Amino acid sequence: MKNSLPPLGWLRTFEAAARHLSFTGAAHDLNMTQSAVSQQIKGLESHLGKTLFHRRPRALELTPTGTTYLPVVREAFRTLTNGTRAISGPSKNVVQVQCNISFAVQWLSPRLGCFYDSHPDVLLNISTEIWEPRDMAEGADVEIRFSLGLADTVRGELLHRDHYYPVCAPSYEVTLETLHQHRLFDCANLMANFPAWAEDRGIDWPNPPVTYTTTYMACLPAVVAGAGVGLAHDIVAGDLIRQGKLVAPFEHRTPVPEAYYLLLSVQAEQSPGACAFADWLRQEMAQDHTGGKDWPADLRHS
């Protein structure tokens, strides 16, 4: 039938590809191959008789048809999600959480036992991203986003603004004068970087080579192993310092231009589980950074 609906899977693939503007990103989200994503998009375009994406050499771009169709598809999935939750009832109390992988591994996961002890009736499903999404992830109830700010179209609140500083293994020897001579590790594409820290500290910085990774999860293990000096902030390095795996060799700490934001979907505001998780996040974050979990003094060098 000419007016029949396309397969639901094709629509899910279209939404993911439009969110990432990348078939590769959609494939990662959906646990599919890039080729399978491409074939499903072609199938959807053939079904509609319209082109949804311009295929550029290194990126995708929505066509006017794709731009018009995307909010329709997203609203349809929201309706299905809300309807399914209404039928299944509140007893399941499952909360879909999205955050970047460094936050999930270094801050959230070690505290999940504490959350479940206080809220045994809530179940969290956690998905991770390396880079911040353009919009709140489809299906997510709660998102913790590390970003310079939120777009006007995104509803959220400031959760925490952090400080960054060099870190190294406890036995690693480094001084301000020799810092630029060491192997340096950092997370790419952030404004919190070595030149900015050096400028804020008031020292000359000759821009030595730095090993950049797409996530703190790739560079901090090298620093813990004694490979050199890394740059990090409290959220990703605080527990490692408290555990004695890292130290902050210098006292100077610089405000991070980016911040952590808390986003709740419209349906999450009516979910006791999502609201409980959001309240717990606020309280736990405040306890971490108002003296509730101070670093041992002997873990710092001056």
Side-chain angles (χ1 to χ4, degrees), residues 6-78 96-104 126-140 143-156 185-193 195-196 210-219 256-261 263 265:
L8 189 64
W10 290 5
L11 295 176
R12 175 66 75 186
T13 301
F14 165 64
E15 192 284 326
R19 176 162 27 95
H20 290 280
L21 289 179
S22 164
F23 288 166
T24 302
H28 180 269
D29 264 13
L30 302 173
N31 196 25
M32 298 167 57
T33 65
Q34 190 270 348
S35 176
V37 170
S38 178
Q39 289 300 317
Q40 288 198 7
I41 295 299
K42 288 179 181 178
L44 179 59
E45 290 177 325
S46 177
H47 182 95
L48 297 173
K50 301 284 186 179
T51 301
L52 298 172
F53 293 100
H54 294 303
R55 277 76 165 173
R56 305 302 187 194
R58 295 187 178 180
L60 294 177
E61 180 182 324
L62 283 166
T63 64
T65 298
T67 301
T68 300
Y69 197 38
L70 179 59
V72 175
V73 171
R74 285 179 169 168
E75 184 58 34
F77 279 121
R78 290 191 187 99
Q96 306 294 333
V97 180
Q98 177 168 306
C99 56
N100 70 56
I101 191 168
S102 295
F103 180 87
I126 302 171
S127 62
T128 59
E129 298 274 352
I130 292 181
W131 302 114
E132 68 172 87
R134 291 176 177 81
D135 298 302
M136 191 165 183
E138 187 65 35
E143 182 185 335
I144 302 95
R145 183 177 299 187
F146 186 59
S147 176
L148 283 171
L150 298 179
D152 293 339
T153 56
V154 177
R155 302 168 59 222
F185 297 85
D186 198 4
C187 187
N189 297 320
L190 298 179
M191 296 184 69
N193 52 44
V210 177
T211 296
Y212 287 104
T213 61
T214 55
T215 168
Y216 285 109
M217 293 309 302
C219 63
V256 178
E258 297 88 352
Y260 287 90
Y261 292 88
L263 286 66
S265 68

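All heavy atoms count here, side chains included; hydrogens, waters and symmetry mates do not. Quick caveat, the model's predicted, so the values are computed rather than measured. Residues take their numbers from the sequence shown, with the count starting at 1.
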_Under 3.5 Å donor-acceptor, E45 side chain and L52 backbone_ = yes
_Value rounded to 0.5 Å, distance of CH2 in W10 from CD in Q39_ = 10.0 Å
_Minimum-distance pair of heavy atoms, taken over all atoms of S22 and L60_ = N-CD1, 3.7 Å
*Could you tell me whether a side-chain N or O of S38 sits under 3.5 Å from a main-chain N or O of Q34, the two making a donor and an acceptor?*
no
*Which pair of non-hydrogen atoms, one from A17 and one from F53, has the smallest distance, and what is that distance?*
CB-CZ, 3.8 Å
_Distance (rounded to the nearest 0.5 Å) between T51 OG1 and I41 CD1_ = 11.5 Å
*Please round to the nearest 0.5 Å and tell me the distance separating atom CZ of F14 and atom CG of L70.*
5.0 Å
*Counting N and O atoms only, with roles assigned by atom type, does the side chain of S46 sit under 3.5 Å from a partner on the main chain of K42, one being a donor and the other an acceptor?*
no
*CA sep, side-chain torsions, deciding dist, call: R78, E75, salt bridge (charged side-chain N to carboxylate O under 4.0 Å, His left out)*: CA-CA 5 Å; R78 290 191 187 99; E75 184 58 34; 3.6 Å; yes
_Taking A218's backbone N and O only, do any of them form a donor-acceptor pair with T213's side chain (distance below 3.5 Å, no angle check)?_
no
*Side-chain contact, heavy-atom cut-off 4.5 Å: E143 with V97?*
no
_Working to the nearest 0.5 angstrom, can you tell me the gap between T128 OG1 and H28 NE2?_
6.5 Å
*Do F77 and L11 come close enough that some side-chain heavy atom pair is under 4.5 Å?*
yes
*What are the two closest non-hydrogen atoms of P257 and M191, and how far apart are they?*
CG-CB, 3.7 Å
_Donor-acceptor check, side chain of S147 to backbone of L150, threshold 3.5 angstrom: yes or no?_
no
*Could you tell me the separation between the CG atom of L21 and the CZ atom of R56, rounded to the nearest 0.5 Å?*
11.5 Å
*Do you know the tightest heavy-atom contact between R145 and L263?*
NH2-CD2, 3.8 Å
*What heavy-atom pair brings F185 and C219 nearest, and what distance separates the two atoms?*
CB-CB, 4.0 Å
_Plane angle bin for Y260 and F146 - parallel if under 30°, tilted between 30 and 60°, otherwise perpendicular_ = tilted
*asked:* Within this structure, what is the NE2-CG distance for the pair H20 and L30, rounded to the nearest 0.5 Å?
replied: 7.5 Å
_Looking at every non-hydrogen atom in both residues, tell me the closest pair between Q98 and A140 and how far apart they are._
CB-CB, 4.4 Å
